[in-house]
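Chain identifiers are assigned alphabetically (A, B, ...) following the order of the sequence lines, protein sequences preceding nucleic acid strands; residue numbering begins at 1 within each chain.
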Amino acid sequence: MSNSVETSSDLPPYRYSAALAADIEARWQERWAAEGTFEAPNPTGPLARAGRPAGDRKLFVLDMFPYPSGVGLHVGHPLGYIGTDVYSRFQRMQGTNVLYSMGFDAFGLPAEQYAVQTGQHPAVTTAANVANMRRQLRRLGLSHDLRRSIDTTDPDYYRWTQWIFLQIYNSWYDASARRARPIAELEAEFAAGLRATPDGRAWSVLGATERHAALDAYRLAYLSDAPVNWCPGLGTVVANEEVTAEGRSDRGNFPVFRRTMRQWMMRITAYADRLLEDLDLLQWTDALKSMQRNWIGRSEGARVRFATAAGDLEVYTTRPDTLFGATFMVVAPEHPMVAALTAPKWPAGTDPRWTAGAGTPAQAIAEYRRAAASKSDLARQETKDKTGVFTGSFATNPVNGEPVPVFVADYVLMGYGTGAIMAVPCGDQRDFEYARAFGLPIPAIQEPPAEWFAERGITSSLDTATWPEAFVGDGRYVQSGMLDGDRSIADAKRRITDWLEVRGRGTGAIQYKLRDWLFSRQRYWGEPFPIVYDANGGARALPPEMLPVLLPDTDQFSPRTFDPDDEHSDPESPLDRLDHFKHVILDLGDGPQPYTRDTNVMPQWAGSCWYELRYCDPTNTNSFVDPAVERYWMGPQPEVRPDHPGGVDLYVGGVEHAVLHLLYARFWHKVLYDLGHVSSKEPYTRLFNQGYIQAFAYTDERGLYVEAAEVEERDGGFWHHGKPVHREYGKMGKSLRNAVSPDEMYDAYGADTLRLYEMSMGPLDASRPWNTRDVIGMHRFVQRVWRNLVDEGSGALRIDDSPANDETRRLLHKTIAFVGEEMEALRFNTAIAKLIEFNNHLTGVVSEHGSCPAEVARTMVQLLSPLVPHVAEELWAKLGHTESITYVAWPVADPALLVDHTVEIPVQVNGKVRSRIVVPASADEAVLEATARADDKVVAALAGASPRKVIVVPGRLVNLVV
RNA sequence: GCCCGGGUGGCGGAAUCGGCAGACGCGGAGGGCUUAAACCCCUCUGACCCAACGGUCGUGCGGGUUCGAACCCCGCCCCGGGCACCA
């Protein structure tokens, strides 16, 4: 650290240096831990504290908890943590009981893969990583309640993850009541005949298996065949992002097959409308809400049935008004009707482009489906060329009776709508391209406006052969039967939908893009499912008293692998092999019987779907959270905060979780709410996305990243070991080799300086570049504060009991008011700027008088303490206080000192500032105008002209318009 | 392609109910302290013109509204993030 002050040898003995900071920080961290300073009392239970009751004012501040990685932290990680810590400390000084802790989302793939490579048990590496990260977080001075720290891999934690799974499994969604209810109530409705069974027979005549199936069809957690990327060579299912464009696995380069597999699913789609509507309750940014809305993807349209020889083919469309332009249909390769639609031979006169050169439709389709199955979702989506084959079958367009050919093409996805579309090539660009490629007719059904043709340099025409692309927009309907002449899409949609409904060919429908959540993994390092199967293969939920289902110990963490080309192999997860785990004899209420355990594990999302609730009551062994404790921290508080719907008061984390984690957690929370286990409708009331710390990264001529710390800048270029390198810019991290360790910052400046620098760099929600060179500025600031209060030679305080002068007091009270406002709004950068300004003023005062007024010193230390807690504690103690500054009341600004007697007002002539006048703060418009017009510079600027208009904004400006 | 952000000095950023553009920090220049240096303290630091007073320009680009626009409107460009053959 060439620019560190540590290189100088003859510093004053009590200068605030990195060494002094290290000493101060270590001492206060020890004392905080020893005294349990940050332990927030619960209203009841073991975490209640006799001497410190849980008051009415509570605040739950939550960070997105980290995955305990083996490489530890870099300075980009704690940005959000420092922000929440500053806010929590600020709130404690307002007399608020703050729940603030940190846990670890420790199940997941990296630990498992590390275990596979090294043979070390994930539990061992996880424990070591957690310990290391706890140490690093403590070094930052974060004010966590350590009693509440949780680890998702702890059986005392995942016991309750399993318990919540059972709650979901044992529930169904009552669409008319719009809420989840216990499955027993559904069974009662069936039994009482209030609800029809699937085939209409009486409940009493159904066998056990039939009853089981009827209930399973309603459960919020259910088993279903779901499409997955199966990689026999790895023996596991892989994510889209792990599949290359060639349809092979990232690791090992094995073939990956798209196929369906029996998987646990969560019926999150049942909650689509509530997840959408309740966004209105939340104090989230509009950007974030819109991401969730787009993901849920509600659309209004119609389901339309096209008759075929194989039965009705149903499509979903958002534009039923375009039905007259539908000239062909496309079904996804996985569509269940593909086989039935496949004609025995090509109809006479089939266009050769439709057959892919195959002798029969069956051959063409089999080949096409095989090719589609070997492509990843990603590859299917990236392909620009339109591919597909004709089934040999035709459907009948219900509005005009025209026969339309049915194709199989992979640009239609099984996962959305019905997996089949009606293609309207004149109004949809994808359909347009497909029609062009396959020589299908493209009749115009809406007349584009004249500008549309003008912009494309063609003459107006309804002959689509002259069109370069599909027309998407509003236009008068043509060649559309009953719609001809209509101009309103909304009106046309309504008319067509009514027409279809009357004739039984379709219905208005609401569709969501949101799909059910694939919830099982064939892996080792996750929560086992609390489910067993009886001799008939029927799933049975374990009773809560049998929880936790412990993850069994083993030293074989890899799944069984297969011949890489054996598409029809089936995964054998690590738990599958453990007979003592898999085969059990249990008494589930009907005597001891043999069962087989489910050998899937839950996804990493599971543990993070409810962790905020466990922070509330981490030691509870009777329930996942005590209801009274839950109500205190999470419930609405109509008396205290009428507009607050309950939930975590402030949740801070990266925008990468804007959709999945936040949606899954909201879903679980809503189920728990419906079942009466939690008291708020939403888990995270206010959400704040912190930005990323970015940094320069450098690539050599081969395009590989080199260690950024070793790069030097000279001669207008960048050099690494004498070779030129290219500068890039990106998120700080290991992959770009541009990470800066917090340890370097502690050594050079201390934790308080690092905290201050990260908070001063810019707004918390903005990404910003790391610049080590700039850190010194915040170190100098702390140093100046220290020097204003402490003699650097003797270490003695340099304060006095004289009152501060009027100017200093006014400035101090303005600073109090401003800093308080900015902290409340998480604008720490501007709060720090104001504190620096005040301290710069104070430097002048101290150099004039030789000491600082004690009253000013005390307040300054209080204002600084959330940001730089260690040095603030040290100064507070030096000022004679024995208690920690943590709960000392935040200073209150005197309103009388916030208003100035006189103000300086700019005077504009024709909108340009020509002068400034000093007037009493209370000056009215007449006084302002008169003063302005009497000003020499203004007179000069007017040059004898008389203003024809005068704008006076009291307190702001005067503008004379000539 | 769609959606969401964002473009302000050499750098990070202030200032948005439409009212003094550039707070604060870094970097740079000059001065003080010192035998000397470091540290520290003070002053200056958007560009251009001017000896100076002062003036002109200036918040990605082009228009517009307004007494007045970084901020509002229209049309573009660029950067970041997210989503995507979504029917």
Report each atom pair, protein N/O against N/O of nucleotides 6-17 of chain B, whose distance is under 3.5 angstrom.
from	atom 1	to	atom 2	distance (Å)
B:G12	O2'	A:Met761	O	2.9
B:A14	OP1	A:Asn829	ND2	2.9

Across the strands shown, which category fits [X] at heavy-atom distances under 4.0 angstrom: base, sugar-phosphate, nothing?
| X | result |
| --- | --- |
| A:Ile951 | base |
| A:Asn840 | sugar-phosphate |
| A:Ala833 | base |
| A:Asp428 | nothing |

Original post:
Looking at residues at least two apart in the chain, or sitting in another chain, which of them share a side chain to side chain donor-acceptor pair (under 3.5 Å) with A:Thr830?
Top reply: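 Expected list: A:Glu822.
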
* Could you tell me which residues satisfy side chain to side chain donor-acceptor pair (under 3.5 Å) with A:Arg505, sequence neighbours excluded, listed by chain and number? =>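 Result, side chain to side chain donor-acceptor pair (under 3.5 Å) vs A:Arg505: A:Asp312.
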
- Query: Looking at A:Trp786, A:Tyr757, A:Tyr16, which one forms a ring-ring contact (aromatic ring centres under 6.0 Å, His included) with A:His779?
  - Reply: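 Per the ring-ring contact (aromatic ring centres under 6.0 Å, His included) rule, the option paired with A:His779 is A:Tyr16, out of A:Trp786, A:Tyr757, A:Tyr16.
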
Secondary structure of RNA chain B per the Watson-Crick/G-U criterion (both distances under 3.5 Å; [ ] crossing, | other strand, . unpaired) is (((((((..(((......[....)))((((((.......))))))((((....))))..(((((..]....))))))))))))....

inquiry  = Please compare A:Gly844 and A:Tyr316 by the position of their nearest nucleotide in RNA chain B and report the one closer to 5'.
reply    =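 The residue closer to the strand's 5' end, by nearest nucleotide, is A:Gly844.
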
Closest-nucleotide 5' rank along RNA chain B - winner of A:Glu904 and A:Asn294
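Residue closer to the 5' terminus by nearest nucleotide: A:Asn294.
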
Tell me which nucleotide among [options] gets nearest to the side chain of [X].
| X | options | result |
| --- | --- | --- |
| A:Thr843 | B:C42, B:C40, B:G19 | B:C42 |
| A:Arg780 | B:C26, B:C67, B:C20 | B:C26 |
| A:Met778 | B:C3, B:G25, B:A87 | B:G25 |
| A:Lys937 | B:C20, B:C40, B:G54 | B:G54 |
| A:Thr317 | B:C3, B:A87, B:C24 | B:A87 |
| A:Glu837 | B:C3, B:C67, B:A23 | B:A23 |
| A:Met291 | B:G25, B:G82, B:C41 | B:G82 |
| A:Val961 | B:C85, B:C67, B:C26 | B:C67 |
| A:Val412 | B:C85, B:A87, B:C41 | B:A87 |

Shortest non-hydrogen separation from A:Pro906 to A:Arg956 and the atoms involved: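 Shortest heavy-atom separation between A:Pro906 and A:Arg956 comes out as CD-O, 3.1 Å.
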
Check the chi torsion on B:G22 and let me know: syn if it falls within 90° of 0, anti if not.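 Anti, since the glycosidic angle lies more than 90° from 0.
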
With sequence neighbours excluded, tell me which residues meet side-chain contact (heavy atoms from CB on, under 4.5 Å) with A:Ala817.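 A:Ala817 satisfies side-chain contact (heavy atoms from CB on, under 4.5 Å) with A:Ala893, A:Leu898 only.
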
Checklist line | Gap separating the OH atom of A:Tyr749 from the CG atom of A:Leu756, nearest 0.5 angstrom | finding: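 If we round to the nearest 0.5 Å, A:Tyr749:OH and A:Leu756:CG are 13.0 Å apart.
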
Less than 6.0 Å separating the ring centroids of A:Phe328 and A:Tyr434?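 Ring-ring flag for A:Phe328/A:Tyr434: true, centres closer than 6.0 Å.
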
Give me the residues of residues 907-916 of chain A where at least one heavy atom lies under 4.0 Å from an atom of RNA chain B, by number, or none.
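Here the set is A:Gln908, A:Lys912, A:Val913, A:Arg914, A:Arg916.
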
Quiz item: Does a side-chain N or O from A:Arg784 land closer than 4.0 Å to OP1 or OP2 of B:C40, or not?
Solution: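 For B:C40, neither OP1 nor OP2 has a side-chain N or O of A:Arg784 closer than 4.0 Å.
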
